[in-house]
Amino acid sequence: MIDFIEKTLKDAGALALSFMNNAIGEQKQDRSLVSEADLEVERFIISRLKTSFPNDNVIGEELGGGETQSSRRSRLWAIDPIDGTNPFLNGLPTWGVSVGVMEDGKPIAGGFHMPVVDEMFLALKGKGATRNGKALPNLQDMEINNQTVMLGPSSRKRFYKLDYPGKSIAYGSASAHVAYAATGGVIAALVDRPQIWDILGPLAVLQEVGGGAYHPDGHSLDLQKLVNGEKAEGPVFFGLKENAGKIFPLIEVYPRPKP
Ligand code: IPD
Ligand code: CA
Ligand code: CA
């Protein structure tokens with residue numbers, strides 16, 4: 001399964017890259033962007049999945065799908081063909097292809113690949129996680145000082161007041177944020193209202209190094225609630241649980257218009 005994910009991510013990344021600098025974006029109803037590249041890459045990944053795992057469920061950001069009531073206990077793959085469509089369309093390097101698979105509400109394998117910067121994150125449950133083929137170590141508790149990096153919201157920053165003294169960086173890709181949260185280089189990835197395809201692949205990686213996804217009240221994110229494409233209640237902290245308790249008191253969430 002992990003070889004399948006790695007090869008699919010590599011091939012899908014190369015396909016996406018072939019569209020870069022020529023793709024034209026359109027705004028979807030939710031005001032996020034989509035291009036022909038997103039659609040082509042998602043079709044490509046789905047066709048690979050249908051050949052190799054014909055009995056599994058698949059949900060993709062652009063073409064839908066998801067888990068049906070009758071198949072709640074079977075495997076579900078979640079695909080984001082290009083996470084970071086904005087940087088992709090603007091010629092910036094911080095986008096990638098995200099593929100994850102879950103069973104009974106838990107990630108069992110996944111990965112995230114950023115073709116421009118040549119980053120490949122991969123994990124198989126219980127077998128550890130790798131970044132470019134090198135094992136990632138377990139996350140460590142971190143102190144917050146003015147050099148501590150947190151990956152935070154970009155456009156959705158207006159819904160938050162961050163009283164965070166360290167560095168807050170936004171790459172424009174939730175998947176990249178969650179993947180980098182698994183490297184130990186940052187204290188957290190704080191993601192506003194993620195959807196399953198944004199996070200499942202890199203969450204498989206994060207979980208292998210001791211991290212997880214937490215709400216402000218300390219509860220773990222329930223992936224089962226996201227299997228039909230719903231947005232999680234935000235903000236969601238991705239990282240080591242001990243560090244979530246240090247970050248959330250520094251964040252004030254403003255009320256926002258629905259949805
Ligand atoms: C978006 C990116 C962005 C995050 C949005 C996502 P897309 O995904 O991950 O960083 O803030 O919530 O929808 O549209 O680039 O696949
Ligand atoms: Ca996305
Ligand atoms: Ca996308």
Side-chain angles (χ1 to χ4, degrees), residues 8-9 12-13 15-17 19-20 23-46 58-66 77-100 110-116 119 121 150-160 162 168-181 186 188-203 205-206 213 221 223 226-238 251 253 256 259:
T8 301
L9 286 174
L15 179 60
L17 203 52
F19 283 89
M20 210 184 166
I24 295 165
E26 275 174 47
Q27 269 202 357
K28 294 189 282 189
Q29 254 187 348
D30 66 359
R31 286 188 286 167
S32 70
L33 294 167
V34 64
S35 73
E36 191 50 30
D38 300 70
L39 297 169
E40 270 300 307
V41 175
E42 188 163 317
R43 278 187 212 111
F44 169 79
I45 298 172
I46 289 176
V58 181
I59 188 167
E61 172 164 19
E62 309 302 342
L63 305 170
W77 293 78
I79 302 162
D80 197 332
I82 298 179
D83 189 69
T85 299
N86 182 305
F88 174 80
L89 291 171
N90 286 307
L92 300 171
T94 52
W95 57 271
V97 185
S98 198
V99 171
F112 182 61
H113 173 46
M114 300 168 81
V116 180
E119 290 268 33
F121 295 91
M150 173 177 83
L151 300 169
S154 50
S155 54
R156 257 70 70 78
K157 65 186 175 307
R158 65 193 190 282
F159 302 128
Y160 298 102
L162 299 181
S168 177
I169 295 176
Y171 288 134
S173 160
S175 294
H177 284 192
V178 177
Y180 283 118
V186 307
L190 193 71
V191 184
D192 184 76
R193 307 202 66 197
Q195 288 166 287
I196 191 83
W197 45 75
D198 297 317
I199 54 168
L200 188 58
L203 183 56
V205 177
L206 182 62
L221 174 68
L223 292 177
L226 309 184
V227 295
N228 290 310
E230 299 85 349
K231 289 185 176 186
E233 284 299 307
V236 181
F237 168 100
F238 291 85
I251 296 164
V253 184
R256 68 178 103 190

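Heavy atoms only: backbone and side chains are in, while hydrogens, waters and symmetry mates are out. Indexing begins at 1, ligand by ligand and atom by atom, following the structure's order.
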Nearest-0.5 Å distance that lies between atom CD in Glu62 and atom CD1 in Ile46: 10.0 Å
Looking only at side-chain N and O atoms, does Thr85 offer a donor or acceptor that is under 3.5 Å from a partner on Asp38? yes
Atom of Asp83 closest to the Ca ion (ligand 2), considering N, O or S atoms: OD1
Please check whether Asp80 reaches ligand 1 - meaning an N/O of the residue sits under 3.5 Å from an N/O of the ligand, judged on distance alone. yes
Would one find an N or O of Asp83, backbone or side chain, under 3.5 Å from an N or O of ligand 1? yes
Determine whether any heavy atom of Ile82 lies closer than 4.0 Å to an atom of ligand 1. yes
Looking at His177 versus Tyr171, is the centre-to-centre ring distance below 6.0 Å? yes
Main-chain N/O of Lys231 paired with Gln195 side-chain donor or acceptor, under 3.5 Å: no
For the Ca ion (ligand 3), find the closest N/O/S atom on Asp80 and give its atom name. OD1
Give the atom numbers and elements of ligand 1 that come within less than 4.0 Å of a heavy atom of Ser173. 9 (O), 10 (O)
Do the two ring centres, one from Phe121 and one from Tyr180, sit under 6.0 Å apart? yes
Distance-only polar pair, side chains of Asp83 and Ser173, donor-acceptor under 3.5 Å: yes
Report the atom name of the nearest N/O/S atom of Glu61 relative to the Ca ion (ligand 3). OE1
Quick check: does any side chain N or O of Arg193 sit under 3.5 Å from a backbone N or O of Glu233, one acting as donor and the other as acceptor? no
Quick check: does Ser175 get an N/O under 3.5 Å from an N/O on ligand 1? no
Select one of side chain, backbone, both or neither to describe which atoms of Glu61 lie under 4.0 Å from any atom of ligand 1, heavy atoms only. side chain
For Gly172, the ligand 1 atoms with a heavy-atom partner under 4.0 Å come out as 2 (C), 3 (C), 10 (O)
Tell me which one of Leu190, Val186, Leu162, Leu151 satisfies side-chain contact (heavy atoms from CB on, under 4.5 Å) with Ser168. Leu162
For atom 12 (O) of ligand 1, closest protein heavy-atom neighbour: Arg156 NH2, 2.4 Å
How far does CG of Leu200 sit from CD1 of Ile59, to the nearest 0.5 angstrom? 10.5 Å
Side chain or backbone, does Gln195 bring an N or O within less than 3.5 Å of an N or O on ligand 1? no
Quick check against the 3.5 Å criterion: does Glu42 have a side-chain atom that pairs as donor or acceptor with the backbone of Glu40? no
Salt bridge between Lys28 and Glu61, side-chain N to carboxylate O under 4.0 Å? yes
Let me check your reading of the structure: within less than 3.0 Å of the Ca ion (ligand 3), is there an N/O/S atom from Trp197? no
Taking heavy atoms and a distance under 4.0 Å, where does Ala174 meet ligand 1: side chain, backbone, both or neither? both
Looking only at N, O or S atoms in Asp198, which is nearest to the Ca ion (ligand 2)? OD1
May I ask you to list the atoms of ligand 1 that are less than 4.0 angstrom from any heavy atom of Thr85? 15 (O)
What is the closest protein heavy atom to atom 6 (C) of ligand 1, and at what distance does it sit? Asp198 OD1, 4.0 Å
